[in-house]
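Report on the structure given below.
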Amino acid sequence: MSESGQSQHRRLVTEVPGPLSRELAARRALALPAGLSSAFPMYIADAGPGYVVDVDGNSFLDLGSGIAVTGVGNSAPRVVARAGEQLTRFTHTCFMVNPYEGYLEVCEHLNRLTPGDHEKRTALFNSGAEAVENAVKYARSATGRPAVIVFDHAFHGRTLMTMTMTAAAAPYKRTFGPFAPEVYRVPMAYPYRWPSGPENAAREAFEQFQMVVERQIGPASVAAVIVEPIQGEGGFIVPAPGFLRQIADYCAEHGILLIADEVQSGIGRTGDWFASEFEQIVPDLMTTAKGLGGGLPLAGVTGRAEIMDSVHPGGIGGTYSGNPVACAAALGAIESIEHDGLLARARRIGEIMTAELGEIAATAEIIGEIRGRGAMIGAELVTGADKTPSPDAVAAVIRYARDHGVLLLSAGTYGNVLRLLPPMVVSDELLFDAMGVLRAAFDAL
Ligand SMILES: *Cc1c(COP(=O)(O)O)cnc(C)c1O
């Protein structure tokens with residue numbers, strides 16, 4: 001990195017990865033399986049709002065937030081205070097054995113914050129996949145129906161059921177079958193790649209949805225439609241305007257439950273508490289995780305009281321689900337978002353990133369589309385009029401940025417989407433600095 005490229009939290013003092021990270025990599029090769037991979041080779045020793053520091057003392061601006069988890073910042077003060085205090089009192093009882101108030105408080109917050117003023121209930125789990133699994137259990141139990149409808153480009157997790165619901169074969173499904181039954185896939189109204197043009201995406205995708213439901217399954221056999229209001233791993237795909245509304249209306253008409261998987265898009269990330277709000281849909285069930293625990297593992301299913309109450313006592317649970325330290329951390333994260341104005345901040349971050357990317361795109365023809373909302377913005381990289389995906393360019397930009405002290409992630413079914421997921425607490429200074437590196441990365445392509 002050039003001298004002028006140094007800043008307070010973007011500072012490289014060794015080559016990347018440095019000698020200490022390389023030593024750990026050698027130990028890792030002997031202790032961990034190869035199929036478990038990391039996006040970056042640097043081992044982390046410390047972190048702060050918007051940056052991480054590796055074991056060699058290199059400091060990187062963080063535009064990934066550990067995949068949309070540390071939205072309120074890493075070791076955010078309110079999270080640390082609450083979780084630390086909880087650690088000194090008790091670490092575990094199992095909520096199914098002895099309950100505690102923190103769990104209840106997190107559920108009350110989620111019931112209050114999620115869309116719709118109907119009566120709600122929330123149950124807590126450990127991971128996004130576990131929340132999605134349980135949302136399906138609730139939906140099947142409440143409706144007495146088997147089928148679950150999912151979308152192209154969806155990501156719902158890596159357990160058997162959620163892997164089945166996930167779209168991409170590589171890397172998530174290949175060699176891991178057979179898969180769970182009664183999962184049906186329909187097209188996503190993906191404007192940028194809709195064959196007959198973006199203006200037709202919502203209408204035609206809905207027609208295809210309807211055809212699959214009515215001809216292949218029968219609406220009376222469908223328990224739920226599950227959708228990410230903005231698709232995450234699939235490439236930050238924002239469904240064509242009106243598409244989710246049509247799906248929601250159809251579901252309501254046929255007694256099908258609409259599940260919004262807000263594991264990535266929720267908890268303030270898009271500048272609203274939940275991405276569903278932008279399309280003004282009120283899902284029957286919603287899954288949350290990633291940003292919820294302020295960096296600790298916690299997930300939730302929030303839904304209509306009559307659905308959630310329909311399951312028999314003892315039917316739902318888990319040894320660790322709703323761990324008291326994770327609940328305390330979540331209360332700190334929710335408090336940060338509400339009291340530190342982070343929804344407005346997420347919107348502002350989105351404006352900055354979209355404007356900066358727009359300026360880069362003015363000269364970088366490879367940027368086919370910039371999309372997303374709030375602190376969840378993606379750029380799809382393509383070549384030629386046929387929009388050939390350019391995963392190599394994404395890899396090159398990520399590599400350049402890393403070598404200049406900025407961490408960003410890729411996404412997309414074709415691996416050709418750069419995704420920007422900074423923590424909502426990142427300062428303007430760090431964000432502009434990171435966007436400057438991104439600009440240089442495109443110049444270097
Ligand atoms: C990450 C993610 C999941 C899975 O969450 P895990 O905590 O990794 O199990 C599910 N759905 C969406 C939309 C996600 O982004």
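In listed order, ligands and their atoms are each counted from 1. Here the structure is a predicted model, which means the values were calculated and not measured.
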Residue pairs passing the salt bridge (charged side-chain N to carboxylate O under 4.0 Å, His left out) test with at least one member in residues 286-300, sequence neighbours excluded, are none
Tested for side-chain contact (heavy atoms from CB on, under 4.5 Å) against P389, the lone hit among V394, N416, T413 is N416
Electrostatic pair E85-R89, nearest N-O below 4.0 angstrom: yes
Do the side chains of E380 and R193 get close enough for a salt bridge, i.e. N-O under 4.0 angstrom? yes
Identify whether the distance between the nearest side-chain nitrogen and carboxylate oxygen of D428 and R345 falls below 4.0 Å. yes
Would R82 and E335 pass as an ion pair if we require N to O under 4.0 Å? yes
Within the 4.0 Å heavy-atom sphere of ligand 1, strictly under, residues: S127, G128, A129, F155, H156, G157, E228, D261, V263, Q264, K290
